[in-house]
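Keep in mind that what you see is a predicted model, and the values were worked out from it rather than measured.
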Amino acid sequence: MNVMNSKVTSYQDEAVCTLQIYPRFAIKPGQGCILRVPKEATATTVIKTAVATLGMDTSKPYILVEVQEYGGEEWVLQASDQPVQRVLLWPRKAQDKHPQSDGYFFALQEGSYDGSIQYDVMTSVRQEKVAQGLANRGFVTQQPQEYDDLCNLPELTEESILGTLRHRFHKQKIYTFASNILIAVNPFKFLPIYNPRYVKMYENHTLGKLEPHVFAIADAAFHTMLNKQVNQCIVISGESGSGKTQSTNFLIHCLTALSQKGYTSGVERTILGAGPVLEAFGNAKTAYNNNSSRFGKFIQVNYLESGVVRGAVVEKYLLEKCRLVSRGKTERNYHVFYYLLIGASEEEKDEFKLLRPEEYHYLKEEIPISEDQAEMKHEFRRLHQAMEMVGFLPPTKKQIFSVLSAILYLGNVTYEPKVVAEGLKVGPDRVLSAISDLLKVKVELLVEALTTRKAMTANDTLILPYSLSEAITARDSMAKSLYSALFDWIVLRINHALLNKIDLEESVPCLSIGVLDIFGFEDFKTNSFEQFCINYANEQLQYYCNQCIFKLEQEEYMAEGIIWHNIDYPDNIGCISLFSKKPTGLFYLLDEESNFPQATDSTLLEKFKQQHQNNPFFVQTPVRVPAFVIRHFAGKVKYQIKDFREKNTDHMRPDIVALLRSSECSYLRQLIGANPVAVFRWGILRATIRTLAVFNEAGRSWAEKHPDQVRRYSRHSLGEMKRPSTVGALIDFSFDRSEEGPLEAFEDIFIVLNVILLFSVQNLIDSHSLKFIMGLTQHNRATRSLLRLHTKKKPPSISTQFQASLSKLLETLRKAEPFFVRCIRSNGDKREMHFDDALVLQQLRYTSMLQTVRIRMSGYGAKFTFKEFTDQFRVLLPKEISTPQQDITNLLTKMGLPSSSFQIGRTKVFLKESERQILQEALHKEVMRSIIILQRWFRACLMRKQYLREREGIITIQRSWRYLRQTYRSRAAIVIQTAWRRSKERAEYLKKRENLKAQIGSHSYSPRVKNSATFPGPRRNPTIKISRATRVQEKWNASLDREITDSNELHHLDEFLGNQMNDLSTRSKVLSETEKIFFLATTQFRDTIKSMYSISNPNIGYKDLMSGYQKRVASLAGLKKASEVPLVVNLFQSVLDGFIRGELKRLETEPCKVKERNRRKSKRDKCPDGPLGHLFSTYQVTIMQSCDQCSSYIWGMEKAFMCSSCKMVCHKKCLSKITVNCTGHCDRKKEGEQTLHFGVPLCALVRTADSVPFVMEKMLVHVEMNGLYTEGIYRKSGSACRAKELHHILEKDPQAVSLDNYPIHTITGLVKLWLRELPDPLMTYSLYNDFLYAADLPEASERLRAIYRKLDELPPSNFSTLERLIFHLVKVAKEEAHNRMSANALAILFAPCILRCPDSSDPLLSMKDINKTTLCVEILINEQTRCYNQKMEEIQQLENAEAMAINQLKLRRQSTFVLMLRIISMYLYCTVQNLFRLWFRNELAFRLPEFEQDSSDAENMDSESLVSSESLLEDHFVSLNSEGQY
């Protein structure tokens, strides 16, 4: 870089710098352009200048990439990045002139080249380093060091904690750790950090390893539950407006995502749908929060021990009913009212008689809602979808909306004093009529309930009119009670939908994770009874947190006798005692005053002041002020005493109960029922009685229409029926149907009942499930406590019920291990990304955050009993442990851990979290070292065994060779000796004979005789006669060189063999041994052919098929029938040769069709499988997320697209705009890259998504053709040298290699090697845990469905290759009788190859998963075997039916053809005979003597010609028949 300073002055602020830009798409690569830009120029400015300089198209998007080749890094510069500042971080040599050869340069390219996922909100590590480097060089202001864990702060003060939270908040990092406690600062803005890819990123990671996030807490709780098998709970605390509800939604979303491991019960979907329903009916807009929970809820998600969701329970606490009728000026009513009024359609508005929001008294407010109408319409659609997910049917939703509309109309009821009589006049009439229609009650009863009340005396019932204030109170009480009953019923139905019916039938051990989202601490301008109870709950929750964080932990330290200095913390037990201590607690005083009829709110306040005037937590107020003040842990709160007594006894009035019970709507009667089980039973009884009445009426009407078919019978009295029968009579259990009428009268009723059952079978409720839910949730609801009118006992007050439910909640929390999420409100004005230091510091103080961080820093996060420590870290400890304390101390000291980081107690070991991670890493390394040693020893044993076997074989060969050589030498010596003796004797014999001849006399002449004694006997012809089979074999070798390259040829071969087998079975009834073997072997051979149909581009030689057939025949024949093998093979070769000649003729006549098919096939192969390797599927969003492509919002319950591999989420419209490659798959191989086949990502080896890699397909086909009958085909290993040789050849040129030259075990070993060397296994690392969870399901049907559902999420190339491999294993397993390879044995061998755990997993835990992985693969093999057998049976049935139909058609055609020939021949014969007779009569008179001689000869000739013509026709028919068979 050259800095060109101005010559005018040396103090010029700006400097011009030189940048070299290298366009990657230039015609001449390496040729760049030189730009001179200002020091502050951004990447956008540089791109525009470079595009203009190079003269490129300005309409296309371009990006600037910083390339560091030596580091192997490429980074896409953002629009606001400054390239000059990047240059300052380069080495000094590369800064002046940065040519491309130095390895540091800028590249300009079109679109996006970086294929990685960048988490925009979470700053990458390199960006942090870049900023730090610029700060160190003095180019930017030094920023304070950032800590994502407050326990790592060098100086622990309130200012340092506040500064760290502020610094992270301004960088949009709203989460911070304090050890295992998460601090969440509410930004009042949605941040795009909650997409599914973040769930995947935090899955199975140690807490604190990644950036703080709420998903990290969910993952830690989930895996802690699985590892420890202990229930967990997540306690979310904070004041109103701190974001507790959103944190709860995110946690539930993450927990269900972690547990969605193929389980198909739909519980996760119901859990996610319950959230929007509860929010709509229980949340409202307040002064501090736009989505404030006005009730508390505890969601307990139940899991199986394997981590699969089993069910869930939702428990609610203290719905704020007074908000329905009154609230602050800047607040709103519950969300559901606005959703209904604004989002309903015109038909729904007419049906529910809806008005505009401002026309309802209960909805009058100062906050305008016009700007939120679009969002509310969307929320209403979202509510509809959520209610369907929970299980609400359309009629049920209509009934709910009718009740909501009636509640709004109740607020519009007005009162006027009557002019004539005493009492009130209620109106207007249209409002009363609307309420009557919506609630299905009579108007008269409604007016009576709203204006009068009944008073019971000893002798009579008095009807007393309400005063105006009492009438308004009664009206509001009716509305509140009705809404509270509706909310309770919705919670009950949600719990029923979340209930797993199997829990009612069997007891299955379950674990649970509870998420507590309770109302936060509230301090409004006007605080009433609701805030009184809410703040008491927060006091209890604060006490629970202090107990877990401070008291219990310090007591444990003291009990274990370790060195510890207690940390003081604020204790709020005094404030809790002020509320709940007997008998002077505020709650008990409130109940006493509520029971006194003459008591008032003023007397209650006086009693409060009198009893607690000396209590430090109770602050006195002036006498005339109707309020009192309590000093809470979060500060002082002033409560208005007004309506305390009334709200504490706010039960549903008896008159209102009687009114609603008179409703014609059964749903309304369910809402006010005292006991849901009793209401359900009465509903069944009522429905039964009505059904009988309908049947009775239908029978009467049918009898009136058909009086002739009705049989009358007499009724017997009960006394007659009770009389004893005769002695000999026995009880007859048969049914007398003589007097029954026909059932045609009830046909319409049966049809209606079937339709009702068809649509409601999934939503049926039974009394057993209701009892179970009631036992879990303990619904002692205040709205129904007064409905037991037959009891004299007074119902419990609201405060009593609230204390009881809160005690049960705390008991549940104490039984589980807690995780804490502290929510902080960033400001009091709901401003986006605004940090109010004073407000945040106040919250940090009253939550004792400084003391919490201090105890986390000084305390020990990891605790183990001696047994737990020795069990987990036994590999690091000595073999024999005599004294655990000493051995553990020696181990920790030996590892070099500082003495302050651990302590040994009486029964436990205490470690810092960082030291525990060091210990865990040491354990991992030691386990890996042990595994490597075991592998080395195992390989050594195998090699030693192989060496000994080879050595024994060599010695045997040598011994045999020596013996053979000695034997040959001995035989040779004997032969030589024999020949020598014979030659010697013969020489003597010849010599003697010559002498004898000489002695006989020289006078006699004897001719020379040819000596034939040397070769006595006739001489044989050395040529061997070649049999017909051998000649055919030599002739057919040329045709068998052909290869099958089209799958249609396999179809034709299969059909041809099927026809030949049908002819064989029809021609001969009794098969010979050779034909039986041929028939069976050909049938199995056809099964093999059918299994090759799915191969898109086959490359199979006829020689391979013939070789496989010969091995199959040899296996079927055995040793006893080995002589039949050549005959069967010869017969099959002749059949195969005939097919090849016919196929060649067919291809010669159809060349155009083949070319067209190949052209279509090539076009189809070029179709892309997805945008840049992504595998998208539809995804229903449950929480607000952001599109990863356009960064816009994706609202809840909307449909989006999610990549199953990299978890990218985007809109449907953004699919075509994606420019980032999928990181879950590999990128396509670049041009010019060396072709490899082993250890290469699968997507780089296939041309299309549904194809199989060539090397894999080639090896599998060869094994299927030549090795299915080899014993131990995959169990035994081949020669290592031959395997290396074949591996090298397949890497270099797999097309030219001939696998016939290598042993079958060498090839099978390479198949497993190819699978093991894949960077990502066939069943992928990302789905490893999902398959484990699926294999661990209890029921076989659920397990199978779960596994196949996860198979659908595999990438296309992985799925097609796995499908081909499993099919291959099925074929191997079917020949178990010969190769001794069962499905279980194959699963044991291939599970580590295709379903292996990630390298980062704990080896000890992965060893425990071997059974699950084996079971998963075995399930696939067995299921595919079942499908294969079923499909083959169906094909065989179809072929048999086809053969039968062909034979019948052939017989009919043959009979018809012969009959026609006979008719024609008879007709011709008669015609010729008549003509001959005429000619014969004419010639008879002239040539009678000669004709007699000729006539006899003619008759003979005519008979011979007739026979010859018939035989000729038969031969022609046979030839036609043979052609038809082909």
Side-chain angles (χ1 to χ4, degrees), residues 158 161-162 165 178 181-186 235-244 288 296 317-318 516-524 527-554 566-581 585-587 608 612 614-620 627-639 799 802-803 806-807 809-810 813-814 818 820-825 828 836 838-856:
E158 289 183 347
I161 295 177
L162 183 64
L165 295 179
I181 300 175
L182 181 69
I183 302 173
V185 184
N186 187 8
V235 180
I236 307 174
S237 60
E239 64 181 38
S240 181
S242 58
K244 298 184 301 301
Y288 297 150
Y317 305 96
L318 190 67
L516 177 62
D517 175 25
I518 204 166
F519 13 63
F521 187 84
E522 294 181 350
D523 183 11
F524 300 140
N527 300 296
S528 185
F529 177 75
E530 289 78 15
Q531 283 70 39
F532 184 75
C533 295
I534 287 172
N535 292 338
Y536 169 70
N538 280 271
E539 289 283 354
Q540 288 280 16
L541 199 59
Q542 179 68 17
Y543 178 76
Y544 170 76
C545 296
N546 291 340
Q547 287 282 102
C548 296
I549 297 175
F550 298 102
K551 185 176 180 180
L552 296 180
E553 187 164 356
Q554 293 188 129
N566 285 336
I567 297 176
D568 296 331
Y569 61 94
D571 193 359
N572 63 337
I573 188 63
C575 188
I576 295 176
S577 300
L578 173 64
F579 278 86
S580 59
K581 184 179 180 181
L586 298 181
F587 280 127
F608 281 175
H612 300 286
N614 297 324
N615 195 316
F617 294 95
F618 188 88
V619 181
Q620 297 287 340
F628 60 97
V629 178
I630 295 178
R631 184 178 288 108
H632 290 279
F633 72 97
K636 296 180 181 180
V637 179
K638 186 177 182 179
Y639 299 99
S799 61
F802 181 69
Q803 290 183 84
L806 194 59
S807 299
L809 171 64
L810 294 174
L813 295 179
R814 292 188 184 98
F820 296 100
V821 178
R822 295 282 194 181
C823 295
I824 304 295
R825 187 157 55 107
D836 189 346
L839 181 60
V840 174
L841 183 59
Q842 178 186 356
Q843 297 173 76
L844 294 176
R845 284 175 177 171
Y846 72 68
T847 55
S848 306
M849 188 55 63
L850 179 62
Q851 291 81 0
T852 301
V853 177
R854 182 173 290 123
I855 195 173
R856 291 300 182 186

Under the criterion side chain to side chain contact (heavy atoms under 4.5 Å, CB included), I'd like the reasoning laid out for E553 against C548: C-alpha separation, chi angles, the key distance, then a yes or no. CA-CA 7 Å; E553 187 164 356; C548 296; over 6 Å; no
Under the 3.5 angstrom rule, does the side chain of [X] hit a backbone N or O of [Y] as a donor-acceptor pair?
{"X": "E539", "Y": "F633", "answer": "yes"}
{"X": "N535", "Y": "E522", "answer": "yes"}
{"X": "Y317", "Y": "I534", "answer": "no"}
{"X": "N186", "Y": "G241", "answer": "yes"}
{"X": "Q531", "Y": "S528", "answer": "yes"}
{"X": "D523", "Y": "V637", "answer": "no"}

Taking the side chain as every heavy atom from C-beta outward, state whether [X] and [Y] have any pair of such atoms under 4.5 Å apart.
{"X": "L541", "Y": "I518", "result": "yes"}
{"X": "R825", "Y": "L839", "result": "yes"}
{"X": "F820", "Y": "I236", "result": "no"}
{"X": "I161", "Y": "V853", "result": "yes"}
{"X": "I630", "Y": "V619", "result": "no"}

Give me the atom names and distance for the closest heavy-atom approach of [X] to [Y].
{"X": "K638", "Y": "A627", "answer": "CE-CB, 3.7 Å"}
{"X": "C823", "Y": "Q843", "answer": "O-OE1, 4.3 Å"}
{"X": "R822", "Y": "C545", "answer": "NH2-CB, 3.6 Å"}
{"X": "S240", "Y": "Y288", "answer": "O-CB, 3.8 Å"}
{"X": "I183", "Y": "A178", "answer": "CD1-CB, 4.3 Å"}
{"X": "Q803", "Y": "S580", "answer": "OE1-CB, 3.7 Å"}

Centroid-centroid distance, F587 to Y536, less than 6.0 Å: yes
Assess the pair F529 and Y639: is the distance between their ring centroids shorter than 6.0 Å? no
Before giving the answer on side chain to side chain contact (heavy atoms under 4.5 Å, CB included), spell out for N538 and S237 the whole-Å C-alpha distance, their side-chain angles and the decisive distance to 0.1 Å. CA-CA 8 Å; N538 280 271; S237 60; 5.8 Å; no
Nearest-0.5 Å distance, [atom1] of residue [X] to [atom2] of residue [Y]:
{"X": "S807", "Y": "F802", "atom1": "OG", "atom2": "CZ", "result": "10.0 Å"}
{"X": "L578", "Y": "R631", "atom1": "CG", "atom2": "CZ", "result": "11.0 Å"}
{"X": "Q554", "Y": "I549", "atom1": "CD", "atom2": "CD1", "result": "11.5 Å"}
{"X": "H612", "Y": "F617", "atom1": "NE2", "atom2": "CZ", "result": "12.5 Å"}
{"X": "Q540", "Y": "I576", "atom1": "CD", "atom2": "CD1", "result": "4.0 Å"}
{"X": "M849", "Y": "L162", "atom1": "CE", "atom2": "CG", "result": "12.0 Å"}

Tell me whether R814 forms a cation-pi arrangement with Y544, defined as NZ or CZ under 6.0 Å from the six-membered ring centre and within 45 degrees of its axis. no
E239/Y846 under side-chain hydrogen bond (donor to acceptor under 3.5 Å, both in side chains): CA gap, chis, key distance, verdict: CA-CA 11 Å; E239 64 181 38; Y846 72 68; 2.8 Å; yes
Can you tell me how the ring of F550 sits relative to the ring of Y569, calling it parallel under 30°, perpendicular over 60° and tilted otherwise? parallel
Whether the D571 and Y543 side chains hold a donor-acceptor pair (N or O, under 3.5 Å, no angle test) is what I'd like checked. no
Please determine whether side chain to side chain contact (heavy atoms under 4.5 Å, CB included) holds for the pair I824 and S242, giving the CA-CA distance in whole Å, both sets of side-chain angles, and the decisive distance to 0.1 Å. CA-CA 5 Å; I824 304 295; S242 58; 5.7 Å; no
